[in-house]
Amino acid sequence: MKFSITIPTYKATFLTEAIESCLAQTYTDFELIIVDDASPENIAEIVQQYNDPRIRYYRNEQNYGAINVVDNWNKCLSYATGEYVICMGDDDRLKPKCLQIYKTLIEKHPHLDVYHGWT
C-alpha cells in the first residue's frame, strides 16, 4: 500500500519540521510531494537538504495565493501516484506511526473511501 503525502507550501518557517515528520514514519512506502507556490522564501534550499528518493519537489511558475489555494492542492494531487493521499500543510507534522495506523485502518475497513484523523 503506497501513500502520497502532499505539502502545498509557501512559508518556510515550519517546513523542515513537516518534512522530517514525514521521513520519520515507521511505515515507509510513501512519496512526499512538495509543491512550492512560487514562494519568495527559501523553499527549494530546505528541500534540497534531504537526499531521499521519496521526496519530489515542484515549483509553480505563478503563485496561486490564498484566494486560489485549492488550485495548489489540486496541483499536488496531479503529481500523486499513491493509492491513498494525505494532504498536509507546510506547518503540520505527522506522528511517527501515522501511516502505519492508516494502513491498519484501511485493511480493517476496506469498504470505506475516506479516512480522517484528528489534528
Side-chain angles (χ1 to χ4, degrees):
M1 179 180 306
K2 182 178 179 183
F3 291 92
S4 295
I5 304 171
T6 64
I7 304 177
T9 187
Y10 186 78
K11 295 180 181 175
T13 307
F14 299 107
L15 183 58
T16 298
E17 290 178 57
I19 293 170
E20 289 181 2
S21 76
C22 295
L23 298 179
Q25 291 301 298
T26 58
Y27 184 82
T28 60
D29 191 7
F30 67 87
E31 63 184 352
L32 176 56
I33 299 164
I34 301 168
V35 179
D36 177 345
D37 195 18
S39 174
E41 298 185 23
N42 62 341
I43 304 299
E45 291 175 28
I46 292 170
V47 176
Q48 290 168 357
Q49 294 177 45
Y50 299 93
N51 185 23
D52 192 309
R54 296 172 296 181
I55 298 175
R56 297 187 9 232
Y57 170 77
Y58 304 92
R59 180 174 168 83
N60 294 337
E61 290 182 22
Q62 293 184 334
N63 175 265
Y64 288 117
I67 294 172
N68 298 312
V69 70
V70 172
D71 291 338
N72 201 28
W73 294 343
N74 287 333
K75 191 72 157 180
C76 288
L77 291 174
S78 75
Y79 296 122
T81 64
E83 298 169 74
Y84 297 93
V85 177
I86 294 177
C87 296
M88 57 185 283
D90 57 15
D91 59 353
D92 292 337
R93 290 184 295 171
L94 299 178
K95 292 196 174 197
K97 293 183 180 181
C98 178
L99 296 183
Q100 182 61 54
I101 291 168
Y102 273 124
K103 180 181 181 292
T104 301
L105 285 171
I106 291 166
E107 289 171 344
K108 186 175 180 179
H109 305 283
H111 58 285
L112 299 177
D113 294 322
V114 176
Y115 304 85
H116 184 275
W118 291 99
T119 57

Hey, could you give me the [atom1]/[atom2] distance between [X] and [Y], rounded to the nearest 0.5 Å?
X    : Y    : atom1 : atom2 : answer
F30  : L23  : CZ    : CG    : 5.5 Å
L94  : I19  : CG    : CD1   : 12.0 Å
N60  : C76  : CG    : SG    : 8.0 Å
D36  : K75  : CG    : NZ    : 12.5 Å
E107 : L105 : CD    : CG    : 9.5 Å
Q25  : L32  : CD    : CG    : 10.5 Å

Query raised in the report: Do D90 and Y10 get their side chains close enough for a donor-acceptor pair, meaning under 3.5 Å?
Result: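 Side-chain D/A pair, D90 to Y10: absent.
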Ignoring hydrogens and angles, tell me if any N or O in the side chain of [X] forms a donor-acceptor pair with the backbone of [Y] under 3.5 Å.
X    : Y    : answer
D29  : F3   : no
R59  : S39  : yes
E31  : S4   : no
Y115 : H109 : yes

Does [X] share a hydrophobic cluster with [Y], counting links as ILVMFWY side-chain heavy atoms below 4.5 Å and allowing steps through other members?
X   : Y   : answer
W73 : Y64 : no
V47 : V35 : no
M88 : F14 : no
I33 : I43 : no
I55 : L99 : yes

Sub-4.5 Å side-chain heavy-atom contact between [X] and [Y]:
X    : Y    : answer
I46  : T9   : no
R54  : C22  : no
L77  : C87  : yes
T104 : Q100 : yes

Query raised in the report: Where is the tightest heavy-atom contact between E20 and Y50, given as atom of each residue plus distance?
Result: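 For E20 and Y50, the tightest heavy-atom pair comes out as OE2-OH, 3.0 Å.
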**Report entry** Heavy-atom pair of closest approach, residues D92 and S21
**Finding:**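 Result for this residue pair: O-OG, 4.4 Å.
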Is it true that atom [atom1] of [X] has more than 12 heavy atoms of other residues, nucleotides or ligands lying nearer than 6.0 Å?
X   : atom1 : answer
E45 : CD    : no
Q62 : CD    : no
R93 : CZ    : no
K2  : NZ    : yes

Query - CA sep, side-chain torsions, deciding dist, call: D37, D71, side chain to side chain contact (heavy atoms under 4.5 Å, CB included) - result: CA-CA 10 Å; D37 195 18; D71 291 338; over 6 Å; no
Query - Ring center gap for Y102 and Y84 short of 6.0 angstrom - result: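 No, they do not, as the ring centres are separated by 6.0 Å or more.
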